[in-house]
Structure formats: C-alpha cells, structure tokens
Amino acid sequence: MVYGRGSFNQLDEIVAPQRKDGMPMVFLIDHFFEDTPLFNRVPLRNNDKIIYADVSYEPKTTYVDAIAQELKEEFGSISGVIGIGGGSTLDLAKAVSLMMNNPGSSADYQGWDLVKFPGVYKAGVPTLSGTGAEVSRTTVLTGPSRKLGMNSDFTPFNQIILDPELTSNAPVNQRFYTGMDCYIHCIESLEGTFLNEFSKSYGEKALELCQYVFLQKEIWDEECDDKLMMASFAGGMSIAYSQVGVAHAVSYGLSYLLGVKHGIGNCIVMNQLEDFYPAGVAEFKKMVAKNKIEIPGGICKDLSEEKFDVMINVSLGMKPLWENALGKDWEKIMTREKLRALYGRL
Ligand SMILES: NC(=O)c1ccc[n+]([C@@H]2O[C@H](COP(=O)([O-])OP(=O)(O)OC[C@H]3O[C@@H](n4cnc5c(N)ncnc54)[C@H](O)[C@@H]3O)[C@@H](O)[C@H]2O)c1
Ligand SMILES: [Fe+2]
C-alpha cells in the first residue's frame, strides 16, 4: 500500500510493471468523477480503457458479469483493473478482476472460498473512507437470490493507494454514513465473540480515530480526511480477522429488499440496537447529533408480512455475523419473532 496526500500521482509508476504486452489497464472510475479534474490525472497509455462505474445502485452480479464479458469480447484478457471510487466501485473492481479468470457468473461465487482462480492484477484507490473495502477479502454483490460477498483469498487488492485528498469532495451526509460504516465495524468487531488480539489492535485504533473526527473536532478539515482514511483501513483490518455483527446482518436484509445503501442502512439499524451494543449506540447517537445528521425512520412501516419474511431470511442467512455477535447459540437468542420486531421498528 501507499499512503499520503498526492499519492494518486504515483499510479502510473505503480501500474507500469503490471502492464502485459498489448493488454490494456482498465480504469473503473466512480461515475461521480466523470468530467472532473481527476479524469485528466488518470495515467492512460496505449489501448487502456476507462469505464465509469454506475453506482446509483450497489453492485449487482449482473453488472459485474456484463463488464467482464464486455472486456473479454473486446480484449480477450487485460493487464489489470484499477478501481477508483467509493466502496461500490472498489467492490466492482475486485469482482471484475476475479471474473476475468473464473468461468460462469459471479453469482456462482457468492459465499466463502468458492473462487477457484486468482483474478487479473487489481488496485484500489478509495475516494470515500469507511467501508474498509480497500483491505477486505470480500466484494459485496447483490445476486439473483442473495446479497453476499465473494469472500476468498483471491479477493483482496494487489495494491491500494490511500490518498486522503480524493475524499475532500464528499458530501457531508455521505461522508458521515460511510464513516459510520467504519465506526460500526469497530463496535461489532470489538464487542464480538470472534475478537482476538489482531482484530482488537486495529479495532481500537480505528475507533479512536472515529471518535476524534466525529466527536472531538469542531470543524471538518484535512486532518479529518487523513484520519478517517486510516480509520477505514484499520477498521477493515480489524474485521478481516473477525466479523461484523448485528447491524450488518440486519442491514443486509434492508438493502436486499429495499435497495437501502450500506452506510445509511447500517445507521438506520444501529439507531435501534441499544439491546445489543448499549455503549456503542449511545456514542453513535452523540455523533449523529453533533454532526447534525438525519437518520431516516419508519422505512418498513408499509411492508407486508411476506416482505418482512424476505428480509428475515436474508438476515438469518448471515450465520457467521450472528455467531460473532451472539455466540454459538445465536439461533436461540435471535429468533424470527425478535428479528421481525426489530425490522418493524426501523
Ligand atoms: N468489500 C467490503 O468489505 C465492503 C465493506 C463495506 C461496504 N461495502 C460496500 O461498499 C458500498 C458502499 O460504499 P460507500 O459507502 O463508500 O459508497 P458508494 O461507493 O456506494 O458511493 C456513494 C456515493 O458517493 C459518491 N462518491 C464517491 N466518492 C465521492 C467523492 N469523493 N465525492 C463525492 N461523491 C463521491 C458515489 O458516486 C455515490 O453516489 C456498498 O456497496 C457496500 O456493500 C463493501
Ligand atoms: Fe460495512
């Protein structure tokens, strides 16, 4: 990894040794950056290609498959994929890299350790801080029957470039929601049963950085962007060796059924989790108030019982998350009825 303000300028030099004869580097860039100055800084050479990632919706397996198919038809193979954007774009880049070398559909690989072959070279350049997608061994995709990551040893980036300058345009609300993803990763990891010294060391550091930027600082400045980028990295490292917990398990159901985005979905759920993470939720509420953020409510009020069932099924399918949060006997603790009641409050 490289870190630092302006480190984006090293991209050309970093990808140079990865270029293979005649095969392009593909720059997958968050559509927010179309026609912005960043475009002119992308180190295009020869037959390199830019694809603007449409992240209006979080990544779907069909979108990943379409991009990989298009690249195979146009070039046969490629030198690598460089993802530049928020968590959605980073996940797309990871998944496209894998699908350049694995047969079938990305939906076939949603799960744990199903990916068979390493992908093409992949690098990640985050432009929002919080998801930890820059370091995780997953790429979260919505498929035909579930929202689940391609979790594998082949999934992490070969290279990441952490340049906090790139996050400076983020809108206040988006920055907060994505930043809270990191805060919630810390709470879920530190309060989880899978906790170990590796996860604890990174989780505590990430938590301290989140508390500093969201509670202690009076105004948002460059120092906050710098610190939140390192918090995201450390939070991602923390969950790499443990797991997320209740907020994520419940929020996955929301996003599968209603398309609620990850960051805001986690906030909507966290707002109601006093029973599970009392201290974390109290502090979360302080952060919401201090940063003057609205957390939506009542989003499930008009849903039919059938729809609640869909969310409950998606959520309870996230077994490792529940086990981390509640221990081996989690099924006795988080019953369908309890989860139905929780969804009803969101
Ligand atoms: N792989 C993992 O480990 C992991 C972990 C957590 C979340 N995720 C995934 O990450 C995604 C959420 O990512 P996110 O919260 O970073 O948001 P995002 O990538 O979905 O982007 C949110 C919005 O911000 C815009 N944006 C991005 N950078 C910007 C910038 N610098 N300035 C202004 N606008 C900018 C995007 O265009 C988009 O409209 C979800 O798809 C979630 O599933 C992955
Ligand atoms: Fe997350």
Side-chain angles (χ1 to χ4, degrees), residues 8 28-38 52-61 63-64 83-95 97-98 110 122 124-143 146-152 155-157 160 163-189 206 210 225 228-229 231-233 235-240 242-252 254-256 259-267 269-270 318 321:
F8 185 77
L28 192 60
I29 306 179
D30 194 309
H31 63 175
F32 169 82
F33 292 102
E34 205 167 348
D35 304 322
T36 66
L38 190 75
Y52 284 108
D54 181 353
V55 295
S56 319
Y57 303 99
E58 292 190 341
K60 293 189 168 69
T61 52
Y63 192 34
V64 170
I84 304 171
S88 297
T89 306
L90 297 182
D91 275 0
L92 270 175
K94 290 199 239 182
S97 152
L98 293 173
Q110 286 180 283
K122 51 183 154 0
V125 187
T127 65
L128 281 175
S129 297
T131 65
E134 63 276 24
V135 287
S136 72
R137 78 190 279 284
T138 189
T139 156
V140 184
L141 302 176
T142 304
R146 62 203 147 184
K147 182 177 178 197
L148 186 60
M150 295 164 80
N151 298 262
S152 86
T155 309
F157 284 113
I160 53 175
D163 181 347
E165 254 174 31
L166 303 180
T167 64
S168 65
N169 292 323
V172 176
N173 275 333
Q174 183 64 57
R175 185 173 68 205
F176 184 83
Y177 297 141
T178 304
M180 282 302 109
D181 192 21
C182 176
Y183 176 75
I184 294 168
H185 291 158
C186 296
I187 302 299
E188 291 178 319
S189 169
C210 287
D225 284 329
L228 191 57
M229 189 158 266
S232 177
F233 172 83
M237 290 297 280
S238 178
I239 46 171
S242 63
Q243 244 314 341
V244 286
V246 181
H248 277 75
V250 177
S251 140
Y252 268 63
L254 284 183
S255 89
Y256 181 78
V260 177
K261 292 197 169 180
H262 187 79
I264 192 167
N266 284 348
C267 288
V269 179
M270 190 68 174
M318 313 296 296
L321 283 65

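Start at 1 and go down the list; that is how both ligands and their atoms are numbered. Sequential numbering from 1 along the given sequence is applied to the chain's residues.
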Within 45° cone of Tyr256 ring axis and under 6.0 Å: Lys147 NZ or CZ: no
Distance-only polar pair, side chains of Glu58 and Thr142, donor-acceptor under 3.5 Å: no
Within the 4.0 Å heavy-atom sphere of ligand 1, strictly under, residues: Asp30, His31, Phe32, Phe33, Val55, Glu58, Pro59, Gly86, Gly87, Ser88, Asp91, Thr127, Leu128, Thr131, Ala133, Ser136, Thr138, Val140, Leu166, Asn169, Ala170, Pro171, Gln174, Thr178, Asp181, His262
Donor-acceptor contact present, side-chain Gln110 to main-chain Arg146, <3.5 Å: yes
Any side-chain donor near an acceptor of the partner, Lys94 and Ser136, under 3.5 Å: yes
Angle in degrees, rounded to 10°, that NE2 of His248 and NE2 of His262 form at the Fe ion (ligand 2): 100°
Minimum-distance atom from the Fe ion (ligand 2) among N, O or S atoms of Asp181: OD1
Donor-acceptor pair between Asp181 and Thr131 side chains, under 3.5 angstrom: no
Partner set under side-chain contact (heavy atoms from CB on, under 4.5 Å) for Asp225, not counting sequence neighbours: Arg5, Pro164, Thr167, Ser168, Arg175, Trp220
Between Thr139 and Thr155, a side-chain donor and acceptor under 3.5 Å: no
